[in-house]
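No hydrogens, no waters, no symmetry mates; every other heavy atom, side chains included, goes into these values. Chain letters run A, B, ... following the sequence lines, proteins first and then strands; every chain starts at 1. All figures in this text were calculated on a predicted structure; none of them were measured in a lab.
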Protein chains: 2
Amino acid sequence: MSDVARVAGVSVMTVSRALKPQTPVSESTRARIEAAAEELGYVLNSTAAGLSSRHSGFVAMTVPSLNNSNFSDTARGLTEGLRGSGFELLLGYTNYDMAEEERLIAAFLRRSPEAIVVTGGAHSARCRSLLKASGVPVIETWDLPADPIDKVVGFSNAEAGRLMAHHLHSQGHRKFGFIGGDGMRDTRGADRRRGFLAALHELGVTEDRVLSEGDPPLSMGEGAAAMTKLLDRWPDTKAVMCVSDLSAFGAMSAAQRCGLSVPADIAIGGFGAYDIAKYALPDITTLDMSAEDIGRKSAEMIVDALSKGGPASLPDRIEIPYKLIVRGSTAA
Amino acid sequence: MSDVARVAGVSVMTVSRALKPQTPVSESTRARIEAAAEELGYVLNSTAAGLSSRHSGFVAMTVPSLNNSNFSDTARGLTEGLRGSGFELLLGYTNYDMAEEERLIAAFLRRSPEAIVVTGGAHSARCRSLLKASGVPVIETWDLPADPIDKVVGFSNAEAGRLMAHHLHSQGHRKFGFIGGDGMRDTRGADRRRGFLAALHELGVTEDRVLSEGDPPLSMGEGAAAMTKLLDRWPDTKAVMCVSDLSAFGAMSAAQRCGLSVPADIAIGGFGAYDIAKYALPDITTLDMSAEDIGRKSAEMIVDALSKGGPASLPDRIEIPYKLIVRGSTAA
DNA sequence: TTGAAAGCGCTACCAC
DNA sequence: GTGGTAGCGCTTTCAA
């Protein structure tokens, strides 16, 4: 920068100002400086700028999995929502592993992000304390934690499961299955299952047919394998909720390969409003949580919380509306 | 850090060393320092560390689209390959837009990344010169550019298109279509189309039936719309290559909704070995470029180029092998 | 509108 | 194995 200053015949301070928009530098000086910077191939060093100004320009985000259109839609919504405010996204994936999430968050915190967006409301104790001590806005998404760290943009996964249970029950089915992942790594998936089963119990259905198959994220392969096992074990099952549309598609595909007709022989519901649910044959009944909106609302919250002009005007908790999309896989 | 030093009764230099693995600090001192850091809730400032050491610890990567399992697989391969070497990934998406790519690369360069991975071999002139002037390893992926900026991990998209043409022709088809995106934004998709058509011409097929629909990335919706139009315009089409498996699935779904049987009435080939191609009914013939390997090899190249011990031992250009996976959508 | 000085928090370098 | 000093490249603050 001092080289640029020398060539342009000004001080480094003036160069620093000229390189930022909306700073008081005369037009002629700015033009001279820009010419000098171009000539020298000068590139501003954001690391030094961040150290000096104590503004890293980073927003950190962790998602369970990159290869999941729900989360990449949320990341896209966040990026779009942040566009123009000068933030860059530090994106990491945890692979549905709390220890990895903790490692990732710790690494991000060393970069002094100005806000942090995480997926879900379940974290290791140390992760929670790191986030609380960070001193910057923290947003938990895709969930409605009972004891949030700071801010929340999400919905109740249990309620979503209940909604699907009521829909399938209303179609006249009485023998239900649920296909999801092993264990509790995907806590949001487990919440959906819990809500689904609770609603069925309330409706008088007492028999559970839960099939857990493989580590999250459940994709088509695990969904197909789970359906094959489920039909083997309980051949009279009439309606199945899958933890995601990807597993629902795999499950439907497996049922069809077994010669079953969907929904005549078996109804299948998914989750997440993935593209695949719309273009499958038949198309798949699903729950749409507007994944991109979750990111967009998070961005709004961040900009709001970080804006200097007065106190934050947005609530700390935004509930995302969601809707059931009834399609051919459950309604003939 | 000076607070930690005071509490532990050592100098800041010793704290700095103790916080990094593999530095000569006595075990007792290190334990004392770690206790002090924990007590104070101290978090290392990587920004300052990067400024001082001139090692940002970043590897930058741009992909056309986040929500595409090919690219997220490559990003995952890169992350996994970099694990343990202490690098963090700065990931951005260009939305298949060269101007956006240039903006993104410029922003990344201000963060002094230690290596840069980009998708494809087509960039704006300014983007090329920025990358060349960066002074760090640059890897172009998913392509085999004639005039690479620096290093390359990829394959020939045109050759991939040729391979699919030969396969479909060998199945006895003589009336071919190609479904891809509008314009030249997706240069790799355009290369596949070029190779596909060139091979057909060589095989004596003179009639082209190219249907371009919508902006990249082409997803199921555009594939379905394109197939509907294609069948409307050229109802006797017998074999179609789609620029990706997602569009192939959409196209197949549209053909089936029109009452056509796949592959008896129309054969459909895709690209990318997505999950959907494996679980669709029928399953879809595709080209597998081992997307994750592209990321993994890129990571190897970076570690190799940045390792201090002697000169780089890997070639500057790694060609990724790919294979045709013949499935039910083209072979009855 | 511009400039000079101080210092952000850390590590390279050299000394012991 | 440990400590002191200088300085990374920028922006803050204050003064002109």
Query raised in the report: In terms of side-chain geometry, is the basic nitrogen of A:E80 or A:R296 positioned less than 4.0 Å from the acidic oxygen of its partner?
Result: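 Salt bridge absent between A:E80 and A:R296.
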**Report entry** Salt-bridge present (B:D215, B:R185; N to O < 4.0 Å)
**Finding:**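 Salt bridge flag = yes for B:R185 with B:D215.
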**Report entry** Whole-Å gap separating P (D:dG4) and CZ (B:R6)
**Finding:**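 Spelled out: CZ on B:R6 to P on D:dG4 is 14 Å.
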Requested in this report: Answer with base, sugar-phosphate or nothing: what part of the nucleic acid does A:T29 contact at a heavy-atom distance below 4.0 Å?
Outcome: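 Sugar-phosphate, no base atom in range.
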The side chain of [X] lies closest to which of these nucleotides: [options]?
| X | options | answer |
| --- | --- | --- |
| B:S16 | C:dT11, D:dT2, D:dT13 | C:dT11 |
| A:V25 | C:dC13, D:dT13, C:dT2 | C:dT2 |
| A:V10 | C:dG3, D:dC10, C:dT1 | C:dG3 |
| B:A49 | C:dT1, C:dA5, C:dT11 | C:dT11 |

Requested in this report: Identify, between A:V12 and B:T14, the residue whose nearest nucleotide on DNA chain D lies closer to the 5' end.
Outcome: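 Checking each residue's closest nucleotide, the 5'-ward one belongs to B:T14.
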Query raised in the report: A:M1 or B:G9: which one's nearest nucleotide on DNA chain D is closer to the 5' end?
Result: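 Result of the comparison: B:G9.
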Using a cut-off of strictly less than 4.0 Å, decide whether [X] has a side-chain nitrogen or oxygen near OP1 or OP2 of [N].
| X | N | answer |
| --- | --- | --- |
| A:S2 | D:dG9 | no |
| B:K20 | C:dC10 | no |
| B:S11 | D:dG4 | no |

What does the list of N/O pairs under 3.5 Å between the protein and nucleotides 6-8 of chain D look like, with a distance for each?
from: D:dG7; atom 1: N2; to: B:S52; atom 2: OG; distance (Å): 3.1
from: D:dC8; atom 1: O2; to: B:S52; atom 2: N; distance (Å): 3.4

Query - Residue list, side-chain contact (heavy atoms from CB on, under 4.5 Å) with A:P64, at least two apart or on another chain - result: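 side-chain contact (heavy atoms from CB on, under 4.5 Å) check on A:P64 returns A:F71, A:T94, A:Y96, A:T119, A:R188.
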**Report entry** Interatomic distance, B:L82 atom CG to B:M61 atom CE [nearest 0.5 angstrom]
**Finding:**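 Result: 10.0 Å between the selected atoms.
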Query - Donor on one side chain, acceptor on other, B:S11 and B:T14, under 3.5 Å - result: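 Short answer, yes.
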Query - Partners passing ring-ring contact (aromatic ring centres under 6.0 Å, His included) against B:F108 (at least two apart in sequence or in another chain) - result: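 Scan of B:F108 (ring-ring contact (aromatic ring centres under 6.0 Å, His included), adjacent residues dropped) gives none.
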Query raised in the report: Does a side-chain heavy-atom distance below 4.5 Å link A:I116 with A:I139?
Result: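 Answer no - side chains too far apart.
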